[in-house]
J.: 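Quick one: the structure is below, and I'll ask about it shortly.
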Amino acid sequence: MKKLSIIGMPMDLGQMRRGVDMGPSAIRYAGINERLKPLFEEIHDMGDIPIGRPEVVIDKESNLRNLDLVAEKSTLLAEKVDEVIQSGSFPLVLGGDHSIAIGTLAGVSKHYKNLGVIWYDAHGDLNTAETSPSGNIHGMPLAASLGIGHPSLTNIAGYAPKAKPENVVIIGARSLDDGEKILIKEKGIKVYSMHEIDRLGMAKVMEETIAYLKEKTDGVHLSLDLDGLDPNDAPGVGTPVMGGISYRESHLAMEMLEESKMITSAEFVEVNPILDEKNKTARAAVELMGSLFGEKLI
Ligand SMILES: NC(=[NH2+])NCCC[C@H](N)C(=O)O
Ligand SMILES: [Mn+2]
Ligand SMILES: [Mn+2]
């Protein structure tokens, strides 16, 4: 793709750790434009979706934190992403907590009959109001995108589902809630947990993932939660889990996705500069984007 459009989504309403709203700034500060410039003919930074400073509201009926606000802001993001794709540009969304994926996928998926989704994450994000231990919507975006959960979240942009379970691959999982495990089995969602990554190696995991999605999808969205990486490599996240994917393995994964030419949209989420060490996590995000978009050593 020759054109890239960057959309900032400084939304922290899907969880309780403030600071993730500064993710887009931290990623820009880490030099996203300079780094990606040589890889595209044109880069448009479209600025941030306006989130403001709304007060926390717990939905009385479902107990979900900021349900209406997340739905409203996701709709804005979906419209922007839709617009970018229509203009023939590659949408790259900067989070924000992972609840933003609900809006990104709502904007992306209408352009594909069989969208594939790579969910690079320590978590499954497959909770619903009923199974969530926290009431935090950032633990629900993958379920919502599969059409499972509160209608205000599943029906963003007026349609559902955004993806089919057989077109989803989760990579890096090491913290799943009971309800998520049940859903994974029930729906047959493909998961490469840390166990498989250790056992097979990242190269094999990515070969299999690419072959699996290539057969049946007409576009693939990469939803990369920085907590998929090991907290030593990406400390600036709100819900770190030990024993994650290494920085090197992540570069290899991005390089293999670039070689596959299958990625048609992407988002990098959960960067929280307040919890970070000298912007290390934002810098890792930008460096991984370099690999995803075809940076070469020589
Ligand atoms: N996008 C994330 N970091 N999600 C973490 C979710 C943690 C936990 N499973 C929950 O639902 O509350
Ligand atoms: Mn996540
Ligand atoms: Mn996560």
Side-chain angles (χ1 to χ4, degrees), residues 9-21 23 56 58-59 62-67 70 74 77 93-105 117-146 148-150 153 162-163 168-184 189 191-194 197 221-245 250 253 266-276 281 284-285 288:
M9 184 60 173
M11 182 163 84
D12 64 358
L13 302 167
Q15 43 83 61
M16 284 176 265
R17 310 287 295 262
R18 305 316 291 264
V20 72
D21 58 318
V56 174
I58 314 253
D59 182 62
S62 65
N63 230 0
L64 294 175
R65 295 172 71 80
N66 306 315
L67 174 64
V70 170
S74 300
L77 177 59
V93 183
L94 315 178
D97 70 59
H98 216 161
S99 67
I100 72 159
I102 297 174
T104 308
L105 281 165
V117 176
I118 297 178
W119 203 266
Y120 201 91
D121 201 326
H123 308 94
D125 294 343
L126 283 165
N127 277 306
T128 61
E130 292 72 36
T131 64
S132 171
S134 61
N136 292 334
I137 295 176
H138 81 152
M140 309 180 186
L142 186 51
S145 302
L146 295 173
I148 303 162
H150 197 287
L153 300 176
K162 275 68 181 187
V168 173
V169 181
I170 299 175
I171 298 176
R174 55 194 182 278
S175 170
L176 296 171
D177 299 315
D178 289 344
E180 298 184 297
K181 294 178 194 167
I182 294 170
L183 204 58
I184 285 169
I189 299 170
V191 180
Y192 291 100
S193 71
M194 290 315 298
I197 296 171
H221 174 70
L222 170 66
S223 196
L224 191 147
D225 184 331
L226 269 296
D227 73 29
L229 273 75
D230 191 272
N232 287 312
D233 294 325
V237 296
T239 49
V241 189
M242 294 264 285
I245 308 171
S250 297
E267 67 201 329
F268 284 70
V269 306
E270 296 281 346
V271 172
N272 185 332
I274 298 288
L275 305 171
D276 208 1
T281 308
L288 292 177

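A quick note: this is a predicted structure, and the numbers were derived from the prediction, not measured. Both counts, for ligands and for their atoms, begin at 1 and track the order of listing.
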J.: Counting from 1, what ligand 1 atoms have a heavy atom of Asp227 closer than 4.0 Å?
T.: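 Per the distance check, 3 (N).
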
J.: Determine whether the side chain, the backbone, both or neither of Glu270 has a heavy atom under 4.0 Å from any heavy atom of ligand 1.
T.: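 It is the side chain that gets close, since no backbone atom is under 4.0 Å.
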
J.: Could you tell me whether a side-chain N or O of Thr131 sits under 3.5 Å from a main-chain N or O of Asn127, the two making a donor and an acceptor?
T.: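 No; zero donor-acceptor contacts below 3.5 Å.
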
J.: Considering only heavy atoms from C-beta outward, does the side chain of Leu275 approach that of Val237 to under 4.5 Å?
T.: no

J.: Report yes if the side chains of Ile189 and Leu146 come closer than 4.5 Å at any heavy-atom pair, otherwise no.
T.: yes

J.: Would you say Thr239 and ligand 1 have an N/O pair spaced under 3.5 Å apart?
T.: yes

J.: If you count the atoms of ligand 1 from 1 in the order shown, which ones are under 4.0 Å from a heavy atom of His98?
T.: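 That gives atoms 1 (N) of ligand 1.
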
J.: Does the side chain of Ile137 reach to within under 4.5 Å of the side chain of Asn66, using non-hydrogen atoms?
T.: no

J.: Say whether, by atom type as modelled, one donor and one acceptor occur between the side chain of Glu270 and the main chain of His98 under 3.5 angstrom.
T.: yes

J.: Show me which atoms of ligand 1 lie under 4.0 Å from any heavy atom of Asp225.
T.: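 By the 4.0 Å cutoff, the relevant atoms are 1 (N), 2 (C), 3 (N).
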
J.: Which option out of His138, Glu180, Gln15 puts a heavy atom nearest to atom 1 (N) of ligand 1?
T.: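 Nearest heavy atom to atom 1 (N) of ligand 1 lies in His138.
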
J.: Picking from Leu142, Ile184, Val191, what satisfies side chain to side chain contact (heavy atoms under 4.5 Å, CB included) with Val168?
T.: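 Checked Leu142, Ile184, Val191 against Val168; only one passes side chain to side chain contact (heavy atoms under 4.5 Å, CB included): Leu142.
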
J.: Between the side chain of Asn272 and the main-chain N/O of Arg18, is any donor-acceptor distance below 3.5 Å?
T.: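 Side chain of Asn272 to backbone of Arg18, a donor-acceptor pair under 3.5 Å: yes, one is there.
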
J.: Which of the atoms in ligand 1, numbered in the order shown and given with their element, are less than 4.0 Å from a heavy-atom of Ser134?
T.: 10 (C), 11 (O), 12 (O)

J.: Does any part of the side chain of Ser62, heavy atoms only, come nearer than 4.5 Å to the side chain of Leu67, both counted from C-beta?
T.: yes

J.: Taking side chain as C-beta onward, heavy atoms only, is Ile171 less than 4.5 Å from Ile245?
T.: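 The answer is yes, as the side chains (C-beta and beyond) meet within the 4.5 Å cut-off.
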
J.: Considering heavy atoms of the protein only, find what lies nearest to atom 11 (O) of ligand 1 and give residue, atom and distance to 0.1 Å.
T.: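 In this structure, atom 11 (O) of ligand 1 has Asn127 ND2, 3.0 Å as its nearest protein heavy atom.
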
J.: Among protein heavy atoms, which lies nearest atom 4 (N) of ligand 1, and at what distance?
T.: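 Sorting protein heavy atoms by distance from atom 4 (N) of ligand 1 puts Asp125 OD1, 2.9 Å first.
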
J.: I need the minimum non-hydrogen distance between Gly149 and Thr128, along with the two atoms involved.
T.: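 Looks like CA-CG2, 3.9 Å.
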
J.: Does only the side chain of Val269 get under 4.0 Å from ligand 1, or the backbone, or both, or neither? Count heavy atoms.
T.: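 The answer is neither.
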
J.: Under 4.0 Å, heavy atoms only, figure out whether ligand 1 is touched by the backbone of His123, its side chain, both or neither.
T.: side chain

J.: Just wondering, more than 12 heavy atoms not from Arg174 lying within 6.0 Å of its CZ?
T.: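 Atom CZ in Arg174 is packed in, count exceeds 12.
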
J.: I need the nearest protein heavy-atom contact for atom 8 (C) of ligand 1: residue, atom name and distance, please.
T.: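 Scanning the protein heavy atoms, the shortest distance from atom 8 (C) of ligand 1 goes to Asp177 OD2, 3.6 Å.
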
J.: Does a side chain donor of either Asp125 or His123 reach within less than 3.5 Å of an acceptor in the other side chain?
T.: no

J.: What number of protein N, O or S atoms occur at distances under 2.8 Å from the Mn ion (ligand 2)?
T.: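 Those protein atoms number 4 in total.
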
J.: Identify, by atom number and element, the atoms of ligand 1 in contact range of Gly139, meaning under 4.0 Å from any of its heavy atoms.
T.: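 Every atom of ligand 1 under 4.0 Å from some heavy atom of Gly139: 6 (C), 11 (O).
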
